[in-house]
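All values derive from a computational prediction rather than experimental measurement.
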Amino acid sequence: MIKDDFIQFLEEGNLSIPKFLLSNYTKLGLNEKEFILLLHIHSFLESGKTFPTPMEIADLMTISPSECMETIRHLLKKGYLTISDEMDELNIKYERYSLQPLWEKMIHYMMERKQIEKIQHTEEEEVSLYTIFEKEFARPLSPFECESLSLWIDQDEHDTSIIKAALREAVLSGKLNFRYIDRILFEWKKNGIKTVDQAKEYSKKFRKYQLQQKKTAVGHEKEQTNTVPFYNWLD
């Protein structure tokens with residue numbers, strides 16, 4: 001008997017709902033009663049019953065059929081639920097509930113939250129960038145320098161990682177000033193440099209070219225030193 005009951009229990013199936021919805025239904029504007037009612041409608045739809053009555057839903061909850069009907073009306077009005085007219089294979093018209101509005105609200109909220117997180121991350125990156133510059137310059141940035149940083153980000157649309165790479169290039173070249181960094185960024189953008197790896201490779205080629213030019217100028221091919229000269233971006 002226990003075995004038969006267990007098999008029947010398994011045959012009833014499981015209800016699958018997005019964990020994101022379970023964690024955020026209140027942020028979507030739903031209270032517990034509305035959320036549970038929608039889950040019951042979802043369960044009915046999963047089992048093939050497309051238009052359960054308020055009585056059938058209320059029997060599974062601690063509310064009356066009239067309260068269930070009122071809650072359904074409220075959900076329809078708020079745009080969490082719709083009722084559509086369908087036709088079966090015999091061309092008989094019937095009504096069914098649809099939770100598509102709920103899924104759309106959930107996806108919209110998810111995308112909106114991702115956008116907010118992206119903006120917050122960008123703002124944190126910019127704050128970090130200002131801190132890095134002030135640390136390298138060993139002083140607070142001037143209003144002009146702060147404006148230059150803002151222009152690189154907002155107007156020139158340089159990624160913060162590229163700006164950091166240009167700063168590193170200036171430090172290694174011993175030319176720590178905004179004009180030099182701006183020239184580096186200009187050259188990189190002109191040549192389609194968008195990633196740090198591309199910037200490193202581009203700088204490496206320039207240094208190699210400059211080293212060859214220097215060898216030619218002094219008239220010998222011997223390796224001059226283990227120290228690699230840095231490209232002068234202002235030349």
**OP:** Using only heavy-atom distances, determine whether the side chains of Asp197 and Thr195 contain a donor-acceptor pair under 3.5 Å.
**Re:**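 Absent: no donor and acceptor within the cut-off.
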
**OP:** Would you please say whether a donor-acceptor pair under 3.5 Å links the side chains of Ser66 and Ser64?
**Re:**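 Yes, because at least one side-chain N or O of Ser66 sits under 3.5 Å from a partner of the opposite role on Ser64.
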
Rounded distance (nearest 0.5 Å) linking atom [atom1] of [X] with atom [atom2] of [Y]:
| X | Y | atom1 | atom2 | answer |
| --- | --- | --- | --- | --- |
| Lys49 | Tyr97 | NZ | OH | 11.0 Å |
| Asp154 | Glu126 | CG | CD | 6.0 Å |
| Thr82 | Gln100 | OG1 | CD | 7.0 Å |
| His42 | Leu38 | NE2 | CG | 10.5 Å |
| His74 | Lys78 | NE2 | NZ | 4.0 Å |
| Lys204 | Glu201 | NZ | CD | 5.5 Å |

Starting from [Y], can I reach [X] by hopping between I/L/V/M/F/W/Y residues whose side chains sit under 4.5 Å apart?
| X | Y | value |
| --- | --- | --- |
| Leu22 | Trp103 | yes |
| Leu81 | Tyr94 | no |
| Leu75 | Met55 | no |
| Trp152 | Tyr202 | yes |
| Leu141 | Leu151 | no |

Treating [X] as the side-chain partner and [Y] as the backbone partner, does any N or O pair qualify as donor plus acceptor under 3.5 Å?
| X | Y | answer |
| --- | --- | --- |
| Ser148 | Phe144 | yes |
| Ser173 | Lys175 | no |
| Asp182 | Phe178 | no |
| Ser47 | Phe44 | yes |
| Asn24 | Lys27 | no |
| Tyr80 | Leu28 | yes |
| Asn31 | Lys33 | yes |
| Tyr25 | Glu32 | no |
| His40 | Ala58 | no |
| Asp156 | His158 | no |

What are the two closest heavy atoms between [X] and [Y], and how far apart are they?
| X | Y | answer |
| --- | --- | --- |
| Pro65 | Pro54 | O-CB, 3.7 Å |
| Ile184 | Ala166 | CD1-O, 3.7 Å |
| Ser142 | Arg139 | N-NH1, 4.1 Å |
| Tyr130 | Ser150 | OH-OG, 3.0 Å |
| Ile163 | Ile153 | CD1-CG1, 3.7 Å |
| Ser43 | Leu15 | CA-CD1, 3.8 Å |

With side chains defined as the heavy atoms from C-beta onward, is the minimum distance between [X] and [Y] less than 4.5 Å?
| X | Y | value |
| --- | --- | --- |
| Phe133 | Glu145 | no |
| Met110 | Arg113 | no |
| Val127 | Glu123 | no |

Just wondering, are more than 12 heavy atoms of other shown residues or ligands nearer than 6.0 Å to [atom1] in [X]?
| X | atom1 | answer |
| --- | --- | --- |
| Met87 | CE | yes |
| Glu134 | CD | yes |
| Lys200 | NZ | no |

Subject >> salt bridge (charged side-chain N to carboxylate O under 4.0 Å, His left out) evaluation trace for Lys164 with Glu136 >> reply: CA-CA 11 Å; Lys164 290 176 185 177; Glu136 290 295 344; over 6 Å; no

Original post:
Yes or no on side chain to side chain contact (heavy atoms under 4.5 Å, CB included) for Phe137 and Leu167, after CA distance, side-chain angles and deciding distance?
Top reply: CA-CA 10 Å; Phe137 278 74; Leu167 171 63; 4.2 Å; yes

**OP:** Quickly, which of Glu112, Met106, Lys105 forms a side-chain contact (heavy atoms from CB on, under 4.5 Å) with His108? Name it, please.
**Re:**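 So the option named by the test is Glu112.
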
Original post:
Given Leu45 and Arg96, is the side chain to side chain contact (heavy atoms under 4.5 Å, CB included) satisfied, shown in steps?
Top reply: CA-CA 9 Å; Leu45 291 172; Arg96 66 168 291 140; 3.6 Å; yes

